[in-house]
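Residues: numbered from 1 along the sequence shown. Atoms considered below: every heavy atom in the structure, side chains included; atoms not considered: hydrogens, waters and symmetry mates.
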Amino acid sequence: MAYTRVLSSSGERTTPSPPASPMRSPRRRTPMSGVGGKGFGVGWGGRGVRTMPQRIAWMLLSMLLRRQAIFLFAPLLYISGMLLYMGSVSLDVVPQIIARPVPGSVYRSPQLYHRFRGDLDLEDQSVDEYDNLSHYMLKSIWRQPHRGGRWKPCIKTSSVELPYSNGYLYVEANGGLNQQRTSICNAVAVAGYLNATLVIPNFHFHSIWKDPSKFNDIYNEKHFFDTLKNDVRIVRKVPDFIMERFDHNMSKVFNFKIKAYSTIDHYKNHVLPKLIEERLIRISPFANRLSADSYPSVQRLRCLANYEAMRFSDPIATFSKNLVNRMKETSIKSNGNYIAVHLRFEEDMVAFSCCVYDGGDQEKLVLSAARERGWRGKFTKPGRVIRPGMIRINGKCPLTPLEVGLMLRGMGFNNNTSIYLASGKIYNSEKTMIPLREMFPLVQTKHTLASEEELAPFKNYSSRMAAIDYTVCLHSEVFVTTQGGNFPHFVIGHRRYLYDGHSKTIKPDKRKLAILFDNQKIGWKSFKRQLLNMRAHSDSKGVEVKRPNDYLYTYPCPDCMCPLNKTEI
């Protein structure tokens with residue numbers, strides 16, 4: 001039966017009423033305390049009389065307990081609290097943020113050297129009792145000299161008569177000594193592959209190296225011709241009957257602009273047809289214009305040119321041999337063995353790196369002027385940001401003579417060790433060379449080993465001076481590279497070619513060195529332990545085989561060398 005809301009005449013419902021609706025929330029019920037109404041219910045939510053503060057508090061509490069109300073009031077409460085707090089703090093007091101440089105980003109090597117002076121002096125006193133310790137150190141470095149097996153040179157020359165030439169190839173080599181060396185080797189490979197006659201490469205005069213030397217001033221031209229005569233035709237100049245077509249003006253000869261690291265097939269498909277048509281073509285510039293990987297026939301020609309055909313001219317070879325002998329004489333305590341260090345701390349290198357040392361404002365002025373002279377506008381372009389600290393952390397800063405000395409002493413070499421510095425004019429040498437000579441009194445350079453009269457024929461020619469350094473480094477027991485570049489890459493590869501595939505080279509991790517030199521809390525024993533591990537890492541590499549995109553000028557195995565079986569040893 002349906003419910004009805006109409007009352008009967010007696011005032012009673014004719015049908016039962018529905019049950020009362022439940023309260024909205026149990027939390028709104030008011031509990032009653034005991035007799036007398038004393039308790040929470042009477043005073044707050046009960047029937048008792050409430051004061052005005054109680055009513056306001058009850059209303060606030062009720063609103064906070066409502067659904068989602070807490071999320072509306074929380075931000076207001078937070079802001080109110082912050083305003084009250086800020087009002088209690090004086091605005092005159094500004095908290096200071098202390099900026100600490102990232103470890104390794106600041107040049108602190110002089111401070112570290114000052115801390116280690118006592119430890120170094122103690123070692124020097126103990127070394128005097130053992131004259132043969134230097135010899136032991138140098139001979140015991142390469143504990144795994146033939147890891148990966150022994151290798152031997154295996155470059156074969158051609159015995160087949162050369163076919164008729166397709167034309168003349170004239171290249172212009174740019175850069176310093178070893179960049180020019182790359183151009184020469186690549187030119188031999190391209191000329192041999194295209195069956196072209198190679199004209200002796202012309203060297204560009206560079207604003208940095210400032211060396212007007214020609215090919216025969218640096219290399220033994222006759223030996224170059226004789227070694228390659230069965231593989232590539234080579235002439236000293238273009239015949240007159242060819243040059244007549246161009247009015248004896250080389251600038252009128254068609255010049256190919258080859259992209260860097262082009263494949264040999266690019267030369268075959270694009271250069272060869274023009275060579276046959278014109279009978280003479282020019283490629284300028286030519287450095288790094290041939291890819292690192294190519295056909296075995298092309299790689300063989302590169303090997304033959306670099307390791308067999310390119311010998312230094314007689315004046316350079318004779319003088320360099322004398323310096324090697326003098327280095328062995330100064331290394332009598334180590335049985336004639338010495339260390340060669342390629343130190344790239346010339347003014348132009350330091351300026352180009354944009355690193356900051358300890359020279360202050362004077363250093364900034366000198367290096368800024370050097371950057372502007374050598375690379376006008378390159379470092380001051382709008383929007384260019386230079387971060388010296390990040391450059392140092394990434395291991396891109398040239399090592400100072402002081403840092404080289406600390407590194408070698410940490411690696412276990414004592415003050416009786418003979419060192420040859422392969423370097424140009426060292427930046428601020430009057431100051432920077434003092435700590436190195438204190439740690440290694442037997443440091444030598446070209447200028448200390450030879451007289452001014454002996455150096456005179458080479459002194460104003462940077463490439464000839466570099467060739468002398470190249471030879472002395474080649475015959476050292478240990479070679480240390482500190483900055484990279486073409487010079488150490490060629491020396492390392494040539495040493496592998498001479499020493500059964502092992503370069504006997506120390507190549508330090510400069511990122512780790514930056515952190516070590518910046519650590520003002522490290523002790524001498526801990527410092528030395530980490531440097532010994534770094535030296536052992538160089539030794540453990542042993543023979544390294546060329547990987548894709550590596551140049552055979554640094555990794556002659558396996559393009560220029562073959563494994564030597566134990567039975568053959």
(message) A cation-pi test, strictly: NZ or CZ of Arg181 under 6.0 Å from the centre of the six-membered ring of Tyr470 and no more than 45 degrees from its axis. Yes or no?
(response) yes
(message) Can you tell me if the gamma sulfurs of Cys154 and Cys562 sit closer than 2.5 Å?
(response) yes
(request) Provide the closest heavy-atom pair for Ser158 versus Asn230 in the form atom of the first, atom of the second, distance. (result) O-CB, 3.1 Å
(request) Could you list the residues that satisfy salt bridge (Lys or Arg N to Asp or Glu O under 4.0 Å) with Arg373, not counting sequence neighbours? (result) Glu347
(message) Under the criterion ring pair (Phe, Tyr, Trp, His ring centres under 6.0 Å), I'd like the reasoning laid out for Tyr307 against Tyr497: C-alpha separation, chi angles, the key distance, then a yes or no.
(response) CA-CA 8 Å; Tyr307 295 113; Tyr497 190 78; 4.5 Å; yes
(request) Under the disulfide (SG to SG under 2.5 Å) rule, what do Cys355 and Cys397 come out as? Steps first, then yes or no, please. (result) CA-CA 6 Å; Cys355 296; Cys397 287; 2.0 Å; yes
(request) Report the distance from atom CG of Leu162 to atom CG of Asn195, rounding to the nearest 0.5 Å. (result) 7.0 Å
(request) Identify whether the distance between the nearest side-chain nitrogen and carboxylate oxygen of Glu430 and Lys425 falls below 4.0 Å. (result) no
(message) Strictly distance-based, threshold 3.5 Å: is any side-chain N or O of Thr505 a donor or acceptor partner for the main-chain N or O of Ile492?
(response) no
(message) Main chain of Asn428, side chain of Thr432: is a donor-acceptor contact present, judged purely on distance under 3.5 Å?
(response) yes
(request) Write down the atom of Ile339, the atom of Val341, and the distance for their closest heavy-atom approach. (result) CG2-CG2, 3.9 Å
(message) Would Arg464 and Tyr461 count as a cation-pi pair here, with the cationic atom under 6.0 angstrom from the ring centre and within 45° of the axis?
(response) yes
(request) For Arg371 and Ala351, indicate whether the former's side chain and the latter's backbone hold a donor-acceptor pair under 3.5 Å. (result) yes
(message) Would you say the rings of Tyr193 and Tyr267 are close, in the sense that their centroids are separated by under 6.0 Å?
(response) no
(request) Compare every heavy atom of Gly175 with every heavy atom of Gln180, then report the nearest pair and how far apart it is. (result) NE2-O, 3.2 Å
(message) If you compare all heavy atoms of Met327 against all heavy atoms of Ser418, which two are closest, and at what distance to 0.1 Å?
(response) CE-CB, 4.2 Å
(message) Keeping Arg535 on the side-chain end and Met411 on the backbone end, is there a donor-acceptor pair under 3.5 Å?
(response) yes
(message) For His537, is the NE2 atom crowded, meaning more than 12 foreign heavy atoms sit under 6.0 Å from it?
(response) no
(message) Tell me the closest heavy-atom pair linking Ile218 and Phe203, and the distance in Å.
(response) CD1-CE1, 4.1 Å
(message) Between Tyr113 and Glu403, do the side chains contain a donor N or O and an acceptor N or O under 3.5 Å apart?
(response) no
(request) Answer yes if the side chains of Tyr427 and Glu363 hold a donor-acceptor pair under 3.5 Å, and no otherwise. (result) no
(message) Parallel, tilted or perpendicular, judged at 30° and 60°: which one describes the rings of Tyr551 and Tyr261?
(response) tilted
(request) Please collect all side chain to side chain donor-acceptor pair (under 3.5 Å) contacts where either partner lies in residues 285-294, sequence neighbours excluded, each pair once. (result) Asp293-Lys546
(message) Taking Arg547's backbone N and O only, do any of them form a donor-acceptor pair with Asp550's side chain (distance below 3.5 Å, no angle check)?
(response) yes
(request) Inspect the contact between Asp217 and Lys214 and indicate whether a charged nitrogen and a carboxylate oxygen are less than 4.0 angstrom apart. (result) no
(message) Students often mix this up, so state it plainly: with edges at 30° and 60°, are the rings of Phe517 and Phe527 parallel, tilted or perpendicular?
(response) tilted
(request) Dump the intermediate steps for side chain to side chain donor-acceptor pair (under 3.5 Å) on Ser165 and Thr197, then the final yes or no. (result) CA-CA 6 Å; Ser165 174; Thr197 300; 2.8 Å; yes
(request) Look at atom CG of Leu365 and say whether more than 12 heavy atoms of other residues, nucleotides or ligands are closer to it than 6.0 Å. (result) yes
(message) Among Arg409, Glu123, Met439, exactly one meets side chain to side chain contact (heavy atoms under 4.5 Å, CB included) together with Asn415. Which residue is that?
(response) Arg409
(message) Treating Asn337 as the side-chain partner and Ser334 as the backbone partner, does any N or O pair qualify as donor plus acceptor under 3.5 Å?
(response) yes
(message) Ignoring hydrogens, what is the shortest heavy-atom contact between Ser320 and Ala467? Give both atom names and the distance.
(response) OG-O, 4.3 Å
(message) Donor-acceptor pair, distance only, cut-off 3.5 Å: does the side chain of Lys257 make one with the backbone of Ser284?
(response) yes
(request) For the pair Thr417 (side chain) and Phe413 (backbone), establish whether a donor and an acceptor sit closer than 3.5 Å, ignoring hydrogens and angles. (result) no
(message) Could you check whether Phe352 and Phe379 have their ring centres less than 6.0 Å apart?
(response) yes
(message) Run the side chain to side chain donor-acceptor pair (under 3.5 Å) test against Asn549 and tell me which residues pass, sequence neighbours left out.
(response) none
(message) Let's go through Tyr357 and Tyr107 carefully: what are the C-alpha distance in whole Å and the side-chain angles of both, what is the deciding distance for ring pair (Phe, Tyr, Trp, His ring centres under 6.0 Å) to 0.1 Å, and is it a yes or a no?
(response) CA-CA 6 Å; Tyr357 294 91; Tyr107 177 68; 5.2 Å; yes
(message) Looking at Lys328, I want to see if its NZ is surrounded by more than 12 non-hydrogen atoms of other residues, nucleotides or ligands under 6.0 Å.
(response) no
(request) Before accepting this row, confirm whether a basic side-chain N of the pair Arg302/Asp559 lies closer than 4.0 Å to the acidic partner's carboxylate O. (result) no
(message) With side chain to side chain contact (heavy atoms under 4.5 Å, CB included) as the criterion, how do Ile184 and Phe215 come out once you've worked through the C-alpha distance, each side chain's angles and the decisive distance to 0.1 Å?
(response) CA-CA 10 Å; Ile184 297 168; Phe215 185 93; 3.7 Å; yes
(request) Indicate yes or no for a side-chain donor-acceptor contact from Thr318 to the backbone of Pro315 under 3.5 Å, with no hydrogens or angles considered. (result) no
(message) Tell me every residue that passes side chain to side chain contact (heavy atoms under 4.5 Å, CB included) with Pro488, counting only those two or more places apart in sequence or in another chain.
(response) His342, Phe479, Thr481
(message) Let me confirm one number: the CG-SG distance from Asn178 to Cys185, rounded to the nearest 0.5 Å.
(response) 10.0 Å
(request) Classify the side-chain pair Ser463/Ser213 by whether it contains a donor and acceptor separated by less than 3.5 Å. (result) no
(message) Test of understanding: with ring-ring contact (aromatic ring centres under 6.0 Å, His included), list the residues that count as partners of Phe490, not counting sequence neighbours.
(response) Tyr553
(request) List for me each residue that meets salt bridge (Lys or Arg N to Asp or Glu O under 4.0 Å) alongside Lys510, sequence neighbours excluded, and say none if there are none. (result) none
(request) Look at the side chain of Glu454 and the backbone N and O of Ser451, then say whether any donor-acceptor pair between them is shorter than 3.5 Å. (result) yes
(message) Looking only at the side chains, is there a donor atom on one of Ser476 and Arg495 sitting less than 3.5 Å from an acceptor on the other?
(response) yes
